[in-house]
Student: 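Before we start, here is the structure in question, set down as structure tokens.
Given the structure is predicted, the values throughout are model-derived calculations rather than measurements. Throughout, a chain's letter reflects where its sequence line sits, starting with A, and its residues are numbered from 1.
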There are 2 protein chains.
Amino acid sequence: MTAGVEYGLHCLLWLASSPGTPLSSRDLADFQGISRSFLAKVFPKLEKAGIVSASEGINGGYLLARQPGDITVLEVIDAIEGKKPLFDCQEIRGRCAVYRERPPSWATKGVCAIHAVMLRAEKAMRDSLASQTLADIAGDLGGKAPPEFSDDVRKWLADRTKGRTRSGATEDRALS
Amino acid sequence: MTAGVEYGLHCLLWLASSPGTPLSSRDLADFQGISRSFLAKVFPKLEKAGIVSASEGINGGYLLARQPGDITVLEVIDAIEGKKPLFDCQEIRGRCAVYRERPPSWATKGVCAIHAVMLRAEKAMRDSLASQTLADIAGDLGGKAPPEFSDDVRKWLADRTKGRTRSGATEDRALS
DNA sequence: ATAACTCAGACAATTATAGTCCGAGTTATG
DNA sequence: CATAACTCGGACTATAATTGTCTGAGTTAT
């Protein structure tokens with residue numbers, strides 16, 4: 001599982017907690033102490049998949065395109081990683097030397113038995129990931145933070161948009 | 001999933017079909033048209049895990065150390081890939097800028113909600129892989145080949161051990 | 001009209017995988 | 001008993017993918 005997925009999911013959770021107000025990939029990156037440039041490369045993928053919607057301009061940013069309960073973890077992963085299979089069968093069974101480069105049809109018919117096992121395991125994993133939505137994760141998280149925390153977060157983001165035109169802290173990777 | 005796992009599983013199936021007679025990693029590689037050198041690097045891992053046992057010398061090779069029904073696909077994967085997790089949590093939640101590099105204990109307590117989702121999915125996958133043994137796969141495969149095939153295979157391997165001392169076809173990657 | 005922001009795609013550096021090569025030890029053969 | 005071919009085993013290199021950086025084009029409030 002790639003780091004892009006981890007970053008993306010964390011960002012989507014913040015987006016879910018800020019309905020109506022767009023958050024920019026830059027602010028999200030600084031807010032969480034991760035690379036701005038890299039995050040700026042994962043968001044377009046989420047937009048193409050219809051998970052977020054982008055708005056441009058000085059106060060633009062990203063917004064969740066659907067309800068958190070309608071976005072599954074699996075969708076997010078596929079959007080970012082590109083739905084590549086866990087196991088790519090190289091059809092070893094057809095290379096057996098006794099065939100002399102001419103594998104008979106019975107040998108290559110259907111799905112390779114090893115491949116089939118992997119496909120079942122992959123399906124089990126994907127089913128598990130598809131059963132969890134952003135709302136589920138946000139729910140698990142909700143009870144932990146004290147009441148004043150969400151206010152602190154809103155304040156941090158507001159200060160951020162306020163001080164746009166001044167202050168020179170615009171270097172990449174402000175934190176790290 | 002790495003290619004080493006695919007190669008290893010295919011070899012183990014051939015080993016399962018040849019009880020009592022050791023097969024060398026070299027013969028197994030040539031027999032299936034894959035790299036000798038690379039296969040020679042995956043077998044030691046299987047031996048350390050107690051899945052195969054090695055015998056040295058001119059007629060040596062590998063033997064299944066246990067019954068095919070007692071070897072699960074999951075074991076083989078862990079032996080070759082080293083049991084590394086599907087997702088390594090970077091604890092993004094603790095880097096939130098509002099904490100100013102001092103995350104409070106409630107934020108980092110327990111398992112990250114995103115990480116938990118991934119762990120569940122990984123468990124689902126591993127459970128599926130653990131439920132399948134080499135015997136199960138061999139069974140799926142058994143009905144497909146015609147009766148004379150296993151004889152052809154035995155003959156190929158026998159010819160191989162027979163012509164050991166002569167014939168210059170010992171270059172790496174005979175096929176490909 | 002400016003200036004700072006936004007997105008978006010082209011460009012390196014790092015890391016892990018796939019594959020190659022050579023050395024040490026073992027066993028049957030002459 | 002000496003040879004020769006085989007075995008395993010680990011150190012080395014090339015390739016592919018991921019991570020991360022940089023520069024450009026377009027948009028919106030001041």
Student: Only counting residues at least two apart or in another chain, list the ones meeting side-chain hydrogen bond (donor to acceptor under 3.5 Å, both in side chains) with B/Glu122.
Tutor: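 None.
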
Student: Check the distance between D/dT13's P and B/Phe38's CZ and give it to me in whole angstrom.
Tutor: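 Nearest whole value for this atom pair: 18 Å.
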
Student: Output yes when at least one side-chain N/O atom of B/Ser35 is less than 4.0 Å from OP1 or OP2 of C/dT20, else no.
Tutor: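 Yes, because at least one side-chain N or O of B/Ser35 sits under 4.0 Å from OP1 or OP2 of C/dT20.
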
Student: Please report the distance, rounded to the nearest Å, between CE in A/Met1 and C1' in D/dT18.
Tutor: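 Between C1' of D/dT18 and CE of A/Met1: 15 Å.
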
Student: Kindly write out the residues that satisfy ring-ring contact (aromatic ring centres under 6.0 Å, His included) with A/Phe31, not counting sequence neighbours, or none if the list is empty.
Tutor: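 Result, ring-ring contact (aromatic ring centres under 6.0 Å, His included) vs A/Phe31: A/Trp14, A/Trp156.
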
Student: Please determine, for D/dA11, whether a Watson-Crick or G-U wobble partner exists with both distances under 3.5 Å, and give it or none.
Tutor: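 Its partner is C/dT20 (Watson-Crick or G-U wobble, both distances under 3.5 Å).
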
Student: Compile the donor-acceptor pairs under 3.5 Å between side chains in residues 5-12 of chain A and protein atoms, sequence neighbours left out, one pair per line.
Tutor:
{"residue": "A/Glu6", "atom": "OE1", "partner": "B/Gln90", "partner atom": "NE2", "Å": "3.4"}
{"residue": "A/Glu6", "atom": "OE2", "partner": "B/Gln90", "partner atom": "N", "Å": "2.8"}

Student: Given atom NZ of A/Lys45 and atom P of C/dA8, what is their separation to the nearest angstrom?
Tutor: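 These atoms are roughly 13 Å apart.
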
Student: Could you pull out all residues at least two apart from A/Pro44 that satisfy side chain to side chain contact (heavy atoms under 4.5 Å, CB included)?
Tutor: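 Scan of A/Pro44 (side chain to side chain contact (heavy atoms under 4.5 Å, CB included), adjacent residues dropped) gives A/Lys48, A/Tyr62.
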
Student: Under the side-chain hydrogen bond (donor to acceptor under 3.5 Å, both in side chains) test, which residues partner B/Thr2, sequence neighbours left out?
Tutor: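 Once residues adjacent in sequence are excluded, the partners of B/Thr2 under the side-chain hydrogen bond (donor to acceptor under 3.5 Å, both in side chains) criterion are B/Glu81.
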
Student: Please give, in whole Å, the distance from C/dC7 P to A/Leu23 CG?
Tutor: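 Spelled out: CG on A/Leu23 to P on C/dC7 is 11 Å.
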
Student: Of all the choices, C/dC7, D/dA29, C/dC5, which nucleotide is nearest to the side chain of A/Asn59 once you look at every atom?
Tutor: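 For A/Asn59, the side-chain atoms sit closest to D/dA29.
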
Student: Restricting both atoms to N or O, compile the protein contacts to nucleotides 23-26 of chain C shorter than 3.5 Å, with distance only.
Tutor:
{"residue": "C/dT26", "atom": "O4'", "partner": "B/Glu56", "partner atom": "OE1", "Å": "3.3"}

Student: Take the protein atom CG of A/Asp27 and the nucleotide atom P of C/dA4, then report the distance between them rounded to whole Å.
Tutor: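 For the pair A/Asp27 CG and C/dA4 P, the rounded distance is 16 Å.
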
Student: By nearest nucleotide on DNA chain C, pick out whichever of A/Lys48 and A/Ser55 is the more 5' one.
Tutor: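 Nearest-nucleotide comparison on DNA chain C picks A/Ser55.
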
Student: Would you tell me if any nitrogen or oxygen in the side chain of A/Tyr7 comes within less than 4.0 Å of OP1 or OP2 on D/dT18?
Tutor: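 Looking at the OP1 and OP2 atoms of D/dT18, neither is under 4.0 Å from any side-chain N or O of A/Tyr7.
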
Student: Taking the side chain from A/Thr108 and the backbone from A/Gly94, do they hold a donor-acceptor pair closer than 3.5 Å?
Tutor: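 Looks like no, no N/O pair under 3.5 Å.
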
Student: Would you indicate, yes or no, if C/dC7 has its OP1 or OP2 atom less than 4.0 angstrom from a side-chain nitrogen or oxygen of A/Tyr62?
Tutor: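 Yes.
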
Student: Round to a whole Å and report the spacing from CD of B/Glu6 to P of C/dA18.
Tutor: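 B/Glu6 atom CD is separated from C/dA18 atom P by 10 Å.
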
Student: Which of these nucleotides, D/dC8, C/dT20, C/dA28, is closest to any side-chain atom of B/Ser37?
Tutor: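 It is C/dT20.
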
Student: Could you run down the sub-3.5 Å N/O contacts of the protein with nucleotides 12-17 of chain C?
Tutor:
{"residue": "C/dT17", "atom": "OP1", "partner": "B/Lys84", "partner atom": "NZ", "Å": "2.4"}

Student: If you compare every side-chain N and O of B/Arg36 against the phosphate oxygens of C/dT20 (OP1, OP2), does one of them come in below 4.0 Å?
Tutor: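 It does not, given that no N or O in the side chain of B/Arg36 lies less than 4.0 Å from OP1 or OP2 of C/dT20.
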
Student: How would you list all residue pairs meeting side-chain hydrogen bond (donor to acceptor under 3.5 Å, both in side chains) that involve residues 124-133 of chain A, not counting sequence neighbours?
Tutor: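 Found A/Asp78-A/Arg126, A/Lys123-A/Asp127, A/Gln132-B/Arg120, A/Thr133-A/Asp136.
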
Student: Would you say D/dC8 has OP1 or OP2 under 4.0 Å from some side-chain N or O of B/Ser24?
Tutor: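 No, B/Ser24 has no side-chain N/O under 4.0 Å of OP1/OP2 on D/dC8.
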
Student: Using the test salt bridge (charged side-chain N to carboxylate O under 4.0 Å, His left out), find all partners of B/Asp151 that sit at least two apart in sequence or belong to another chain.
Tutor: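 Partners of B/Asp151 by the salt bridge (charged side-chain N to carboxylate O under 4.0 Å, His left out) criterion, ordered by chain and then number, come out as B/Arg154.
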
Student: Without decimals, in angstroms, what is the distance between B/Phe43 CZ and D/dG10 P?
Tutor: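 Taking atom P of D/dG10 as the reference, CZ of B/Phe43 is at 15 Å.
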
Student: Please test A/Met125 against A/Leu129 for side chain to side chain contact (heavy atoms under 4.5 Å, CB included), starting from the C-alpha separation and ending with a verdict.
Tutor: CA-CA 6 Å; A/Met125 182 183 72; A/Leu129 291 171; 4.2 Å; yes

Student: Distance check needed: C/dG19 P versus B/Ile80 CD1, whole Å only.
Tutor: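 These atoms are roughly 14 Å apart.
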
Student: Determine: side-chain N/O of A/Ser25 to OP1/OP2 of C/dT6, distance under 4.0 Å, yes or no.
Tutor: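 No, A/Ser25 has no side-chain N/O under 4.0 Å of OP1/OP2 on C/dT6.
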
Student: Given that A/Leu39 and B/Pro44 both sit by DNA chain D, which one's nearest nucleotide is further toward the 5' end?
Tutor: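 It is B/Pro44, whose closest nucleotide lies nearer the 5' terminus.
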
Student: Does B/Arg66 use its side chain to pair, donor to acceptor, with the backbone of B/Ile71 at less than 3.5 Å?
Tutor: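 Checking the backbone N and O of B/Ile71 against the side chain of B/Arg66, no donor-acceptor pair under 3.5 Å is found.
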
